Amino acid sequence: MENIVIIGNGISGITAARHIRKKSNLNITVISSETKYFFSRTALMYIYMGHMKFEHTQPYEPWFWEKNRINLIQDYVETIDFKNKSLSLKNGQPVKYDKLILAVGSKPNKFGWPGQDLKGVQGLYSYQDLLELEENTKNGIKRAVIVGGGLIGIELAEMLLSRNYPVTFLVREESFWGNILPKEDSELIMRHMAEHHVDLKTETELKEIIPDSNGRVKSIITNNGEEIECELVGLTAGVSPNINFLKNSELDLDKGILINEFLETNQKDVYAIGDCAQFKQHPKKDRKPIEQVWYTGRMMGETVANTVCGKKLAYNPGHWFNSAKFFDIEYQTYGWVFNKALENEEHFFWQDKTGKIAIRLAYDKNSRLFHGINTYGIRMRHHAFDK
Amino acid sequence: MRTLQKIGLIIFIIGITIFTFSPFIGSYKVTDDILKTGLSEQQYANLSKKLNEKLVGQTFSFAWQISSVFVNEYELKNEEFKSKEEWDKVMYDNPQEVALSLTKSSATGFYATNILLFFLLSFGFGVLGAIMYFLPDVILLGPPGIKNNHIYRRPSTNRGLIAYFVFAYLIGFYILLYFYPAQLTNQILLVDPLSLLLNGNPASRWFLYGVLYCTVMLTMGVRMYIKYRNNKYQIFRTTSVLFFQVAFAFLIPELLIRFNMPSMDFKNAWPLNYSFFFDWNIDNLLNSGAIGAFMLFWGIVLTLIIVPVFSYFYGKRWYCSWVCGCGGLAETLGDPYRQHSNKTLKAWKFERWIVHGVLVFAVVMTGAALYTFFTNQNTLLGIDTYSIQKAYGFLIGSIFAGVIGTGFYPIFGNRVWCRFGCPLAAYIGIIQRFKSRFRITTNGGQCISCGNCSTYCEQGIDVRWYAQRGENIVRASCVGCGVCSAVCPRGVLKLENGPEQDRIIENPIIIGNDGIKLNL
């Protein structure tokens, strides 16, 4: 029986494992250094806020893995010997594979800021990051500075504010998530952030993080020269593939692990999926080579399971969709809505009196062809857009 | 604002302390007159001599001093009759109940003459303090939205010491209420004026329970209105359960008594209302003229037609989350504890056995009761039908529904009774599972498996299991409270009524991935 080994137990790796089990009797092993059981990364914020405990973020009970004969190893893969098809682990015995799926995820970006490795400076991606945040705030803090205005940044702001820690939020663009959201959309979110007492500083970048005598963050300096005292710095300026341990191997890398439309790497029987994967050329021309989203990770997991089980399948995601929640405002998007209307494109924008509910439609000026929709505070039906 | 909350909390604690410790601030004086009016002729004849010796003329500080003497003498006398085989002389009343009527009428002194004052100090302070505690949340909790911050960081809602204290308090209260009501003499006295006003009689323990039930639900209802003010469905169903509790479960039955009619909670359907088909109830209704006949008719129509028809159209929620009193308490007093329901597969298996077991028990017991009613035979297959009723009343009616059902809130979640014990829920659950238009849909591929839905499902349904597979949720136990949908951060879950076709998706795929097709 073939041994399928999956590195990474996030949504991509675990979806692959589950679907391989559905389709086959192959031996499945999942290796992760982060946690023993799969948990939902997107729910880390709720643990900190006290909505859930860690075990609630685990979608399957422990018996599930044994029942489905999915072998879990909690260890760190140090190197991969692609010729002999073998992995060396930090603690355990080497593991042999016949087919290998790399679903190693990503890590928070650090752009070489002075002081970025000080105590009290951290990202928010892994379970360990959550533990670190608890540790960093266990005695209470007077202020936190969050750098990078995207989805993780606003989640981190919500987490810290739930414990009444004041938050200053540095955003490089003119407005929050301005590289994705059109102006009115972004303003709607910014009004809501202000309502939640987020101190938002747009067009502001981090220049330097200043330590105190214990090597702990004391303050930060912005590109405008302003110094802000703080005891925590959240680095949430995006994530990048977690591929350091693969450098200097035969694996073809760029920013991520390079793959073709079948999610195959340049090594035989080695596949890459999820956050860490980078398409040499994405099978859909409107999509980016790296998409670090829950949904695409899951779809790649479903797809690779077919290939591994002998039904070679190209990755073919449907229309783009995504969702998020900004404090109390739910956001959904289907199709493409860019921050500025494309040539030949018009946008329709409506918001209600409260300024918390809104719709934006993007469509072709001439043909009236629908391109995409953003909604705020309105739940749309996915099926209606998946045709 | 926080100061206001703290003052409110203190006032609330004063109120509930006075309520709890009121038995320690009374005095009781038994007279022969009290015995004469409080006891039946037979009881008086049997017991007056001993009671005169041991009780009359003395002043006691505690009601239990009187009730323990009385119950003891009562039982001694009965044993004496039984040993002499003088069966016609044995007294069949509940001695605890009789003791309560004695302790109530023998209450005297400052407490008994200032009932209104103590009512205000206990009920008044309790409600005022609680409202003062809840109202500032309108501002403190920030803009409308999901307000679950710190639930797992506070001992009161995370099975901490406070939760265990409330657990013990509730269980203690229910045990006294059901089995030792004389201990609650002073609390029952508090609601005497209200009882006289409404039904014309002094308060029974059930009247106290009714007043408490309504007060707690209304007060905690204020909390619900604040917490869920972003969500129309939550506001609607909170209003609905409050209305049905106050009007149908409390006011109408009390007023019926006032007008010398049989008392009835018109929304309480058999088999939750398990004594409806007992021979004494049917006899009582049949002897009460047109209104009694209508009540009998209504009770049968409610169970056999209204419940299934409404459940076909709306699912279980129309009863369990909009109308039912047990559900009403669970959704108001119990809301802070909803996250404690057990979500494991094991718990689900246990649930199916026990809840359907109770339904079978209720059907068998009612069948036996009807057999007795129609044939006047007290034994069926060698078993005394009254003993089945008694066993059911004790095990299910009192222990399961009351002591466990509410007492377990702070540790095991707010729907323990509804999920594991309620025979009506089992009955409607079967309809909901197999013949209903209700389902919760899971909006394609939007689920991120975060687990909020499962965590806050009071019925212990692992909602996420379905949501992350893109599968509709069609489960017998779902009471349609809508909280899974409310807490979902991605707009995945929606409570819907629709055609039965495709309600249950046998082989779900998650949409959004064009590479994956059914039967590929």
Side-chain angles (χ1 to χ4, degrees), chain A residues 11 19 38-43 45-47 49-53 55-61 63-64 161-163 192 195-197 294-296 298-300 302-303 306 311 313-319 321-325 327-332 356 375 378-383 385-386, chain B residues 140-154 157-159 230 339 343-347 441-456 462-465 467-470 485 487-494 496 507 509-517 520:
Chain A
I11 180 62
H19 283 262
F38 167 50
F39 73 97
S40 175
R41 194 171 301 295
T42 49
M45 62 182 293
Y46 300 110
I47 303 172
M49 289 160 64
H51 294 208
M52 287 192 266
K53 292 196 205 178
E55 62 256 35
H56 297 125
T57 67
Q58 296 170 341
Y60 302 97
E61 290 180 59
W63 56 258
F64 177 87
L161 285 164
S162 79
R163 298 199 188 174
H192 191 54
E195 198 181 4
H196 278 277
H197 313 293
W294 177 273
Y295 309 115
T296 51
R298 195 193 63 215
M299 289 177 206
M300 288 189 213
E302 289 168 359
T303 308
N306 280 277
K311 243 177 205 167
L313 189 67
Y315 179 56
N316 181 21
H319 296 299
F321 68 96
N322 201 358
S323 63
K325 194 172 180 191
F327 288 94
D328 303 312
I329 296 181
E330 286 177 22
Y331 157 77
Q332 294 189 347
K356 288 188 180 187
T375 63
I378 300 171
R379 294 180 171 183
M380 305 299 285
R381 223 181 253 281
H382 188 176
H383 297 84
F385 299 101
D386 194 60
Chain B
L140 288 176
L141 290 180
I146 292 304
K147 304 299 175 195
N148 287 338
N149 284 355
H150 309 305
I151 284 186
Y152 277 102
R153 292 163 47 78
R154 288 189 177 130
T157 50
N158 187 24
R159 296 180 177 156
N230 64 320
Q339 65 279 6
K343 316 300 188 300
T344 60
L345 189 63
K346 242 184 187 164
T441 58
T442 55
N443 207 15
Q446 287 278 20
C447 176
I448 53 166
S449 300
C450 70
N452 272 295
C453 51
S454 295
T455 305
Y456 287 94
D462 190 359
V463 184
R464 168 174 56 193
W465 177 275
Q468 65 194 358
R469 289 150 48 97
S485 168
V487 298
C488 175
R490 293 292 191 272
V492 171
L493 299 157
K494 185 165 190 274
E496 294 184 54
N507 191 7
I509 54 157
I510 315 174
I511 61 167
N513 189 355
D514 289 353
I516 309 291
K517 293 278 180 258
L520 191 84

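Everything quoted here is computed from the prediction, not taken from an experiment. Within every chain, numbering begins at 1; the chains are lettered A, B, ... in the order of the sequence lines, protein sequences first and strands thereafter.
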With respect to chain A, which residue among B:Ile448, B:Ile151, B:Asn149 yields the maximal number of heavy-atom pairs within a distance under 4.5 Å? B:Ile448
Contact winner vs chain B - A:Met300, A:Arg381, A:Arg41, A:Lys356, heavy-atom pairs under 4.5 Å: A:Arg381
Side chain B:Arg490, main chain A:Ser323, donor-acceptor under 3.5 Å: yes
Residue among A:Ser40, A:Ala314, A:Pro59 with most heavy-atom pairs under 4.5 Å to chain B: A:Pro59
side-chain contact (heavy atoms from CB on, under 4.5 Å) assessment of A:Lys53 paired with B:Asn158: CA-CA 10 Å; A:Lys53 292 196 205 178; B:Asn158 187 24; 3.4 Å; yes
Counting N and O atoms only, with roles assigned by atom type, does the side chain of B:His150 sit under 3.5 Å from a partner on the main chain of A:Ser162, one being a donor and the other an acceptor? yes
Backbone N or O of A:Gly50 within a donor-acceptor pair of the B:Asn148 side chain at under 3.5 Å? no
Checked A:Asn322, A:Thr296, A:Thr42 vs chain B; the most non-hydrogen pairs under 4.5 Å come from A:Thr42
Kindly compute the distance separating CD (A:Gln58) from OG (B:Ser454), expressed to the nearest 0.5 Å. 12.5 Å
Please find out if less than 6.0 Å separates the ring center of B:Tyr152 from that of A:His56. yes
Toward chain A, the part of B:Gln468 with a non-hydrogen atom under 4.5 Å: side chain
Give, as side chain, backbone, both or neither, the part of B:Thr442 having an atom under 4.5 angstrom from any heavy atom of chain A. neither
Tell me, out of A:Phe321, A:Trp63, A:Tyr315, who's got the most heavy-atom pairs with chain B below 4.5 Å. A:Phe321
Under 4.5 Å from any heavy atom of chain B, what part of A:Met45 do you find: side chain, backbone, both or neither? neither
Where on B:Asn230 is there a heavy atom nearer than 4.5 Å to chain A: the side chain, the backbone, both, or neither? neither
Heavy-atom distances under 4.5 Å only: say whether A:Tyr60 touches chain B with side chain, backbone, both or neither. side chain
Can you tell if the side chain of B:Pro489 reaches within under 4.5 Å of the side chain of A:Tyr46, non-hydrogen atoms only? yes
Looking at A:Glu302 and B:Arg469, does any basic side-chain N land under 4.0 Å from a carboxylate oxygen? no
Taking side chain as everything from C-beta outward and backbone as N, CA, C, O, which of these in B:Thr441 sits under 4.5 Å from a heavy atom of chain A? Side chain, backbone, both or neither. side chain
Less than 4.5 Å apart, any side-chain heavy atom of A:Met49 and any of B:Arg153? no
Can any side-chain N or O of A:His382 pair as donor or acceptor with the backbone N or O of B:Gly445 at less than 3.5 Å? yes
Check: B:Cys447 main-chain N/O paired with A:Trp294 side-chain donor or acceptor under 3.5 Å: yes
Checking A:His51 against B:Cys450 for the side-chain contact (heavy atoms from CB on, under 4.5 Å) test, could you report, in this order, the C-alpha distance in whole Å, the side-chain angles of both residues, the deciding distance, and whether it holds? CA-CA 11 Å; A:His51 294 208; B:Cys450 70; over 6 Å; no
Assert top hit (heavy-atom pairs under 4.5 Å, partner chain B, pool A:Glu330, A:His319, A:Glu61, A:Glu195) equals A:Glu61
Check each atom of B:Lys494 against the heavy atoms of chain A and say whether the ones under 4.5 Å are side chain, backbone, both or neither. side chain
Checking B:Leu493 against A:Arg379 for the side-chain contact (heavy atoms from CB on, under 4.5 Å) test, could you report, in this order, the C-alpha distance in whole Å, the side-chain angles of both residues, the deciding distance, and whether it holds? CA-CA 10 Å; B:Leu493 299 157; A:Arg379 294 180 171 183; 5.5 Å; no
Of the backbone (N, CA, C, O) and the side chain (C-beta and beyond), which part of A:His197 lies under 4.5 Å from a heavy atom of chain B, both, or neither? neither
Rounded distance [0.5 Å steps], CE in A:Met380 versus CD in B:Gln446: 11.0 Å
So B:Ser449 and A:Arg298, do their side chains get closer than 4.5 Å, heavy atoms only? no
Give, as side chain, backbone, both or neither, the part of A:Phe64 having an atom under 4.5 angstrom from any heavy atom of chain B. side chain
